[in-house]
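What follows is a set of notes on a single structure, which appears directly below.
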Amino acid sequence: MSPTLRLPYLATAALSGALFGAGLYVSQMVDPLKVLRFLDFTAIPSGGWDPSLAFVIAPAILVMFVAIRLSKRRAAPLFNGNFHNPEFTRIDAPLVVGAALFGIGWGMSGICPGPAITLIAFWPDDLLVFLIALFAGSYAGAFVIPSGENKRLAMAR
């Protein structure tokens with residue numbers, strides 16, 4: 001990245017992070033009970049299901065849909081030398097197993113990793129235990145399934 005793009009890139013990252021963090025709090029995605037009530041489809045007959053978080057994901061999908069379409073018309077992003085598209089696009093067993101493990105962890109705790117990091121600002125009870133387990137699981141997962149450059153090296157063998 002050229003030095004002239006560095007400051008705008010960092011400013012965009014800071015603004016995006018601030019918007020994301022504020023959005024998590026305003027939408028109440030940092031409240032584990034709100035999330036668990038959204039994930040509990042068995043509560044639909046009793047009226048205990050809370051569908052409101054669908055109104056968080058729907059606009060996000062729409063914004064990303066438009067952003068991806070617009071980005072395909074550009075040679076490069078505004079504040080970076082090139083786009084960073086995913087290297088691996090297959091739906092395979094590690095993806096499905098990883099998604100299932102993620103979903104189980106999210107369902108058990110009601111805390112998604114993004115909101116968990118934003119919760120550091122208020123430090124609720126037991127957050128430290130969750131974060132240590134989150135980082136330990138991530139670190140252990142890197143031994144089971146390498147990522148980034150290590151994954152490319154493992155696949156080349």
Side-chain angles (χ1 to χ4, degrees), residues 1-36 38-39 52-92 94-107 109-155:
M1 178 183 309
S2 73
T4 57
L5 292 179
R6 185 99 177 119
L7 183 59
Y9 176 84
L10 292 175
T12 302
L15 178 61
S16 299
L19 286 172
F20 182 70
L24 289 173
Y25 276 97
V26 170
S27 68
Q28 299 175 23
M29 280 198 65
V30 295
D31 180 359
L33 289 177
K34 179 98 169 157
V35 174
L36 290 172
F38 173 72
L39 295 173
S52 63
L53 292 183
F55 294 101
V56 175
I57 192 67
I61 291 171
L62 179 64
V63 167
M64 281 309 300
F65 178 81
V66 171
I68 289 171
R69 296 296 175 270
L70 292 174
S71 72
K72 291 184 187 259
R73 297 180 188 172
R74 300 185 54 86
L78 291 175
F79 304 127
N80 205 333
N82 59 327
F83 288 106
H84 303 279
N85 296 317
E87 291 181 49
F88 302 98
T89 56
R90 292 188 335 250
I91 296 176
D92 56 9
L95 175 67
V96 172
V97 170
L101 291 172
F102 174 86
I104 291 167
W106 187 22
S109 68
I111 304 173
C112 186
I117 292 169
T118 65
L119 282 172
I120 292 171
F122 296 98
W123 209 259
D125 294 340
D126 301 326
L127 181 63
L128 182 61
V129 172
F130 178 84
L131 290 175
I132 289 170
L134 172 71
F135 291 120
S138 296
Y139 189 70
F143 285 107
V144 176
I145 303 288
S147 63
E149 184 178 349
N150 292 334
K151 184 171 188 172
R152 290 190 294 278
L153 292 173
M155 292 181 75

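Computed from a predicted model, the values in this text were never measured in an experiment. The basis for the numbers below is simple: all heavy atoms, side chains too, and nothing from hydrogens, waters or symmetry mates. Numbers here are sequence positions counted from 1.
- In this structure, the separation between CZ on Phe38 and CE on Met29 is 8.5 Å, given to the nearest 0.5 Å.
- Distance check: Ile117 CD1 to Leu134 CG gives 6.5 Å after rounding to the nearest 0.5 Å.
- Closest approach of Pro8 to Phe79, counting heavy atoms only: CB-CD2, 3.2 Å.
- Contact detail for Ala54 and Pro59: the closest heavy-atom pair is O-CD, 4.4 Å.
- Minimum interatomic distance between Thr118 and Gly21 (heavy atoms only, all atoms of both residues): CG2-CA, 4.1 Å.
- No side-chain N or O of Ser27 forms a donor-acceptor pair with one of Lys34 less than 3.5 Å apart.
- The local environment of CD1 in Ile91 is sparse, with at most 12 non-hydrogen atoms from other residues, nucleotides or ligands closer than 6.0 Å.
- For residues 126-142, there are no salt bridge (Lys or Arg N to Asp or Glu O under 4.0 Å) pairs, not counting sequence neighbours.
- Annotation: side chain to side chain contact (heavy atoms under 4.5 Å, CB included) contacts of Arg73 (sequence neighbours excluded): Leu70.
- Annotation for Phe130 and Ser109: closest pair CE1-OG, 3.6 Å, computed over non-hydrogen atoms.
- Here the side chains of Ile111 and Val35 are not in contact, with every heavy-atom distance at 4.5 Å or above.
- The CZ atom of Phe122 sits 12.0 Å away from the CG atom of Leu127 when rounded to the nearest 0.5 Å.
- Using a 4.5 Å heavy-atom cutoff, the side chains of Phe102 and Pro113 are in contact.
- Annotation: side chain of Ile132 is not in contact with side chain of Phe135 (no heavy-atom distance under 4.5 Å).
- Of all heavy-atom pairs spanning Tyr25 and Ala121, the tightest one is OH-CB, 4.3 Å.
- Two residues are said to be in side-chain contact when any heavy atoms from C-beta on lie closer than 4.5 Å; Leu39 and Trp106 meet this criterion.
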Go through the steps to decide whether Leu53 and Ile57 satisfy the test side-chain contact (heavy atoms from CB on, under 4.5 Å), and finish with yes or no.
CA-CA 7 Å; Leu53 292 183; Ile57 192 67; over 6 Å; no
